[in-house]
Amino acid sequence: MLAFRLFAIPLGFLIGCTSAPSRAVHRRDAIRAMNAAGPAWRSQEGFQAVRWGMNQEEVLSTVTSAMRLPDGSISSEATVAERRAQVMYRFAGGRLAMVDVLFFEGADGRGSYADLRHLLALKYGEPMQEESTDKALESRAAGRAAREIGRGFRDSARLIAGDDREESTAEAIRDEAREMREDKALDRLAGSPFWGRSVWETAESTINLVSSPSYQGSFALVVHYSSVMLKRALESEQLKEQMRRASEL
């Protein structure tokens, strides 16, 4: 029985750690394949039926409802996860490098975000990064609770040591002022509109789910899909576009 336990620990450790090395190996192989194929390279990943590296004609033939825009991107309207959405296809060096899926929701930004997060987690697993109004509230509340517990431990330790002196006036004022600041910060955060962001990463893609307040009380909910392989090329294209726009000022 003891031998089984000693063996089970490293076995579980190996099983739990297989995803990161396999993703790194897949990414290395994908980079080699892209370099070897040159302009003919097409990723195994992308969004729905389109793949990173496709040119505009390929995307237009794959997404029959799509239309070309003056800035070189392609747009289509679609139903994604039973929601009406606008899908934007963006290119770098003539290759598909990013897809933005924009959902325009009503007042329930928190519920819509939670629903899409759940669906993405079913496909990609739990997000590697996550932040939201709710998590910030939990963190602040937990921090305050930890400080209260710490203060209780200190008071108990003083009593056990026979030190029954009351907290000094300066310490009491300082603690009260800090608690007032924390209460105000928590109230502001609790009263603010919901925002959230979750990030997933695969061997060849990064997926960002973002929810933020929009206009007239609605929420903008966006899923950004981007190619890891074409990230630098996309950033270079975006910088060129920013410089072009800046030159018009």
Side-chain angles (χ1 to χ4, degrees), residues 12-31 33-34 41-54 58-66 73-92 95-106 108-135 138 194-212 214 219-231 234:
F13 178 78
L14 289 172
I15 291 172
C17 294
T18 54
S19 60
S22 64
R23 185 169 65 231
V25 170
H26 185 175
R27 184 170 298 174
R28 181 199 65 196
D29 293 343
I31 291 172
M34 182 179 72
W41 172 79
R42 300 295 180 266
S43 172
Q44 296 180 7
E45 299 184 11
F47 172 71
Q48 295 186 344
V50 301
R51 294 292 177 262
W52 305 132
M54 280 185 170
E58 288 174 311
V59 172
L60 287 167
S61 65
T62 303
V63 186
T64 56
S65 62
S73 62
I74 289 174
S75 174
S76 72
E77 292 187 359
T79 299
V80 181
E82 299 182 352
R83 285 180 162 82
R84 186 174 58 85
Q86 181 182 11
V87 185
M88 300 293 296
Y89 303 86
R90 306 184 191 279
F91 298 81
R95 294 175 164 184
L96 180 67
M98 177 182 286
V99 175
D100 289 338
V101 184
L102 297 86
F103 305 90
F104 291 94
E105 301 292 325
D108 187 18
R110 180 180 278 101
S112 299
Y113 174 86
D115 184 39
L116 283 181
R117 182 202 176 282
H118 172 70
L119 295 176
L120 287 166
L122 287 177
K123 184 174 183 178
Y124 299 108
E126 287 300 307
M128 59 184 296
Q129 297 177 28
E130 189 167 25
E131 54 185 349
S132 69
T133 307
D134 295 344
K135 284 193 170 293
E138 291 172 5
F194 176 80
W195 57 264
R197 177 174 176 263
S198 296
V199 183
W200 291 264
E201 191 170 285
T202 68
E204 299 185 41
S205 306
T206 300
I207 302 97
N208 280 266
L209 169 64
V210 181
S211 175
S212 61
S214 184
F219 282 80
L221 195 59
V222 185
V223 185
H224 301 277
Y225 297 85
S226 59
S227 167
V228 173
M229 322 291 288
L230 298 174
K231 180 180 179 181
L234 180 64

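Side chains included, hydrogens not; waters and symmetry mates left out as well; all remaining heavy atoms used.
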### Message
Testing the basics here: between S76 and S65, what is the closest heavy-atom pair and its distance to 0.1 Å?
### Response
CB-OG, 3.8 Å

### Task
Evaluate the side-chain contact (heavy atoms from CB on, under 4.5 Å) criterion for residues W41 and L230: first the C-alpha distance (whole Å), next the side-chain angles of each, then the deciding distance (0.1 Å), finally the verdict.
CA-CA 11 Å; W41 172 79; L230 298 174; 4.1 Å; yes

### Query
Is the number of heavy atoms from other residues, nucleotides or ligands within 6.0 Å of CD (E130) greater than 12?
yes

### Task
List the steps and the verdict of side-chain contact (heavy atoms from CB on, under 4.5 Å) for L116 and L221.
CA-CA 9 Å; L116 283 181; L221 195 59; 3.2 Å; yes

### Non-hydrogen atoms of Q48 and R51 that approach each other most closely
O-NH1, 2.7 Å

### Task
Mark yes or no for whether E204, through its side chain, and E45, through its backbone, hold a donor-acceptor pair below 3.5 Å.
no

### Message
Could you report the tightest heavy-atom contact between R42 and G53, atom names first, then the distance?
### Response
NH1-O, 3.1 Å

### Query
If you look at every heavy atom in Y113 and S198, which pair is closest and at what distance?
OH-OG, 2.6 Å

## Note on the structure
In terms of heavy-atom contacts, A92 and A97 come closest through CB-CB, 4.0 Å

#### Entry: Neighbour count >12 (heavy atoms, 6.0 Å) for atom CD, E131
yes

### Query
For the side chain of R197 and the backbone of V210, is there at least one donor-acceptor N/O pair under 3.5 Å apart?
no

### Task
With rounding to the nearest 0.5 Å, note down the distance linking CZ in R83 to OG in S112.
4.5 Å

### Message
Rounded to the nearest 0.5 Å, what separates atom CH2 in W200 from atom CD1 in I207?
### Response
8.0 Å

#### Entry: Spacing of OH belonging to Y225 relative to CG belonging to L96, to within rounding of 0.5 Å
13.0 Å

### Message
Could you report the tightest heavy-atom contact between V87 and A78, atom names first, then the distance?
### Response
CG2-CB, 4.3 Å

### Task
Kindly compute the distance separating CG (L234) from CZ (F91), expressed to the nearest 0.5 Å.
11.5 Å

### Spatial distance of atom CZ (R117) from atom OG (S211) [nearest 0.5 Å]
13.5 Å

### Minimum side-chain heavy-atom gap V223-F47 below 4.5 Å
no

### Query
In terms of side-chain heavy atoms, does S75 have a donor or acceptor partner in Q86 at a distance below 3.5 Å?
yes

### Nearest-0.5 Å distance that lies between atom CG in L209 and atom NE2 in H224
9.0 Å

